[in-house]
2 protein chains.
Amino acid sequence: MFIQIEPLSNVPIYEQVTRQIIEGIARGDMGPGDTLPSVRSLAADLGVNMHTVNKSYHELEAKGIITIRAKSGAIIRSTEERALTPEQLQQIEKNLKPVVAEGMVLGATVDQIEHMMKKVFADLQLPAEGV
Amino acid sequence: MFIQIEPLSNVPIYEQVTRQIIEGIARGDMGPGDTLPSVRSLAADLGVNMHTVNKSYHELEAKGIITIRAKSGAIIRSTEERALTPEQLQQIEKNLKPVVAEGMVLGATVDQIEHMMKKVFADLQLPAEGV
DNA sequence: TATTTGTTATATAATAAGTATAACAAATAT
DNA sequence: ATATTTGTTATACTTATTATATAACAAATA
C-alpha cells in the first residue's frame with residue numbers, strides 16, 4: 001500500500017493514515033466499491049497497532065467516505081452515496097480558513113495561494129489523467 | 001479583544017488563540033508594530049491559564065508572525081520582516097493538501113472549492129476594505 | 001520605587017495517543 | 001463442516017499532550 005508513516009510527525013498516526021487514504025482516493029489509486037485492507041493487515045504493514053488503524057477507519061466512516069460492514073470489511077462509498085451536505089461544505093470552508101489566513105499573514109498574495117491550490121489539484125488529479 | 005474560546009472544541013485552546021490572532025491580523029484588526037496584550041492579561045480575559053496563552057505566543061513566534069521581547073511584550077512583525085521563505089510556502093501547500101483532498105473525495109468540484117476560497121478571502125479582507 | 005513583563009521551575013490533573021492482549025461472534029475461505 | 005479472517009469489545013498500561021496552579025526571578029516599564 002501507498003501509506004507512509006512519519007513517526008516523528010506532530011500529526012497523530014491515525015490521522016496520517018486517514019489523510020493518506022483520502023489522498024489515495026482523490027488521486028484515483030482506489031475508488032468506490034474498493035475494499036480497504038483489514039485493520040489487522042494494514043496495521044501489520046505499517047508496523048502500528050490494530051486499534052490505531054481502526055480509529056482511522058472509523059474517522060473515515062464519520063466523514064462519510066467509507067462504510068464499515070461489521071465482521072466483513074471497509075468499503076469506499078460511491079460519490080452518489082457521499083451526499084456533500086451543506087454541513088460538509090461548511091466544514092471544508094472552516095478547515096480552509098486558518099490555512100489561508102496564515103498564508104496571507106505570512107505575506108502570500110491571493111495569486112500565490114490560488115497558484116498553490118492549482119498545484120494541489122494537479123497533484124491529486126493528474127496521475128488519474130495519465131490512465 | 002476579539003478572541004472567542006470554544007471549550008468543547010477538539011482544537012486545543014492555545015491553537016484556537018493562535019488561529020484567531022492570525023485571523024485578526026489578516027482581517028486588519030491589528031497590524032505590524034502593534035503589541036499583543038500581555039500573556040497574563042489575555043489569559044485573564046479569556047479565563048484560561050497564563051501558560052496556555054504563552055504557548056500560543058511562542059507558536060506565533062515560531063511561525064515568524066510576532067517577535068517576543070523578553071520582559072517587555074510581543075510585537076507583530078512587519079510584512080518585510082516576515083520573509084515568506086520557500087519553506088513557508090511549501091508548508092502552506094502541505095496544510096492545504098488534506099483539506100482540498102477531503103473536499104474532492106466528498107464530491108466537491110474544483111469550482112466549489114475555489115468558490116469557498118474566495119469566500120474565505122472575502123471574509124478576511126472585506127472588513128479592512130470598509131475602512 | 002512599585003508594578004508589570006516574559007521566563008523558568010515544579011507540581012498536578014485530565015485527556016489523547018498508542019500499544020498490548022484477549023476473547024467474541026459473524027463472515028468468509030478451504 | 002471446519003478453520004481462518006473479520007470487525008468489535010474489553011481491559012490494562014505507557015507515554016505525550018493539554019491545561020491548570022503557584023511561585024520566584026530579573027529585566028523593563030510606569
Side-chain angles (χ1 to χ4, degrees), chain A residues 1 3-22 30 33-77 81 95 98, chain B residues 1 3-22 30 33-77 81 95 98:
Chain A
M1 235 213 174
I3 294 176
Q4 191 73 21
I5 298 299
E6 294 182 34
L8 301 179
S9 170
N10 51 321
V11 181
I13 296 174
Y14 78 91
E15 186 65 33
Q16 292 185 44
V17 173
T18 300
R19 289 185 187 179
Q20 291 187 44
I21 289 176
I22 290 176
M30 48 198 334
D34 287 348
T35 59
L36 296 182
S38 76
V39 291
R40 281 180 176 85
S41 66
L42 181 53
D45 266 19
L46 303 178
V48 301
N49 191 274
M50 193 199 78
H51 295 104
T52 304
V53 175
N54 194 244
K55 188 172 183 179
S56 169
Y57 280 18
H58 280 274
E59 198 188 6
L60 287 167
E61 191 181 40
K63 286 178 185 291
I65 295 174
I66 68 172
T67 300
I68 300 177
R69 287 184 314 184
K71 276 101 191 181
S72 173
I75 306 176
I76 301 174
R77 300 178 75 190
E81 283 173 312
N95 294 340
Chain B
M1 233 211 174
I3 294 176
Q4 191 73 23
I5 298 299
E6 294 182 36
L8 300 178
S9 170
N10 52 321
V11 181
I13 296 174
Y14 79 92
E15 186 65 32
Q16 293 185 45
V17 173
T18 300
R19 289 184 187 180
Q20 291 188 43
I21 289 175
I22 290 175
M30 48 199 334
D34 287 347
T35 57
L36 296 182
S38 76
V39 291
R40 281 181 177 85
S41 67
L42 181 53
D45 265 20
L46 303 177
V48 301
N49 191 273
M50 193 199 78
H51 296 104
T52 305
V53 175
N54 194 245
K55 188 172 182 180
S56 170
Y57 280 18
H58 279 275
E59 198 188 6
L60 287 167
E61 191 180 40
K63 287 177 183 292
I65 294 174
I66 67 173
T67 301
I68 299 176
R69 287 184 315 184
K71 278 101 191 184
S72 172
I75 306 176
I76 301 174
R77 301 178 75 189
E81 285 173 313
N95 295 340

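Proteins get letters first, then strands, A, B, ... in listed order; numbering begins at 1 in each. A quick note: this is a predicted structure, and the numbers were derived from the prediction, not measured.
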Atom-pair distance ([atom1] on [X]; [atom2] on [N]), nearest Å:
X: A:Leu42; N: D:dT5; atom1: CG; atom2: P; value: 17 Å
X: B:Arg40; N: D:dA24; atom1: CZ; atom2: C1'; value: 10 Å
X: B:Leu8; N: C:dA14; atom1: CG; atom2: P; value: 17 Å
X: A:Glu59; N: C:dA17; atom1: CD; atom2: C1'; value: 13 Å
X: B:Leu36; N: C:dT4; atom1: CG; atom2: C1'; value: 16 Å
X: A:Leu46; N: C:dA17; atom1: CG; atom2: P; value: 18 Å
X: A:Glu15; N: C:dG18; atom1: CD; atom2: C1'; value: 15 Å
X: B:Glu6; N: D:dT18; atom1: CD; atom2: C1'; value: 17 Å

Out of [options], whichever nucleotide has its closest atom nearest the side chain of [X]:
X: A:Asn49; options: D:dT8, C:dT19, C:dT7; value: C:dT19
X: B:Asn54; options: C:dT7, C:dT19, D:dT6; value: C:dT7
X: B:Ser72; options: C:dG6, C:dG18, D:dA28; value: D:dA28
X: B:Ile68; options: C:dT7, D:dA28, C:dT8; value: C:dT7
X: B:Lys55; options: D:dT18, D:dT6, C:dT7; value: D:dT18
X: B:Lys71; options: C:dA22, C:dA17, D:dA26; value: D:dA26
X: A:Ala70; options: D:dA19, D:dA23, D:dG7; value: D:dG7

Practice task
Answer whether the closest heavy-atom distance between the side chains of A:Tyr14 and A:Val53 falls below 4.5 Å.
Solution key: no
Handout entry: Within-4.5 Å side-chain heavy-atom neighbours: B:Lys55 and B:His51
Key = no
Practice task
Return yes if some donor-acceptor pair links the side-chain N/O of B:Ser9 with the main-chain N/O of B:Glu6 below 3.5 Å, else return no.
Solution key: no
Problem - B:Thr67 backbone acceptor or donor facing B:Glu61 side chain under 3.5 Å - result: no
Problem - Qualifying residue, where the test is side-chain contact (heavy atoms from CB on, under 4.5 Å) with A:Leu60 and the options are A:Ile76, A:Ile22, A:Val17, A:Ile68 - result: A:Ile22
Practice task
Applying side-chain contact (heavy atoms from CB on, under 4.5 Å) between A:Ser56 and each of A:Thr18, A:Leu36, A:Leu42, A:Ile13, report the one that passes.
Solution key: A:Thr18
Completion exercise
By nearest-nucleotide position on DNA chain D, the 5'-leaning member of A:Ala74 and B:Val48 is A:Ala74
Fill in the blank from the handout: Per nearest nucleotide of DNA chain D, the residue lying toward the 5' end, A:His58 or B:Thr52, is A:His58
Handout entry: Under the 3.5 Å Watson-Crick or G-U criterion, the dot-bracket string of DNA chain D, with | for inter-strand pairs
Key = ||||||||||||||||||||||||||||||
Practice task
Mind checking B:Tyr57 for me? I need base, sugar-phosphate or nothing, with any heavy atom below 4.0 Å counting as a touch.
Solution key: nothing
Practice task
May I ask you to say what A:Arg69 touches in the nucleic acid, namely base, sugar-phosphate or nothing, with a heavy-atom cut-off under 4.0 Å?
Solution key: sugar-phosphate
Problem - Side-chain ion pair, B:Arg19 and B:Glu15, N-O less than 4.0 Å - result: yes
Handout entry: Heavy-atom pair of closest approach, residues B:Gln16 and B:Val11
Key = NE2-O, 2.9 Å
Problem - Presence of donor-acceptor pair under 3.5 Å, side chain of B:His51 and base of C:dT7 - result: no
Fill in the blank from the handout: Whichever of A:Met50 and A:Gly47 has the more 5' nearest nucleotide on DNA chain C, that residue is A:Gly47
Exercise for the section: For C:dA17, take OP1 and OP2 only and decide whether either is under 4.0 Å from a side-chain N or O of A:Tyr14. Expected result: yes
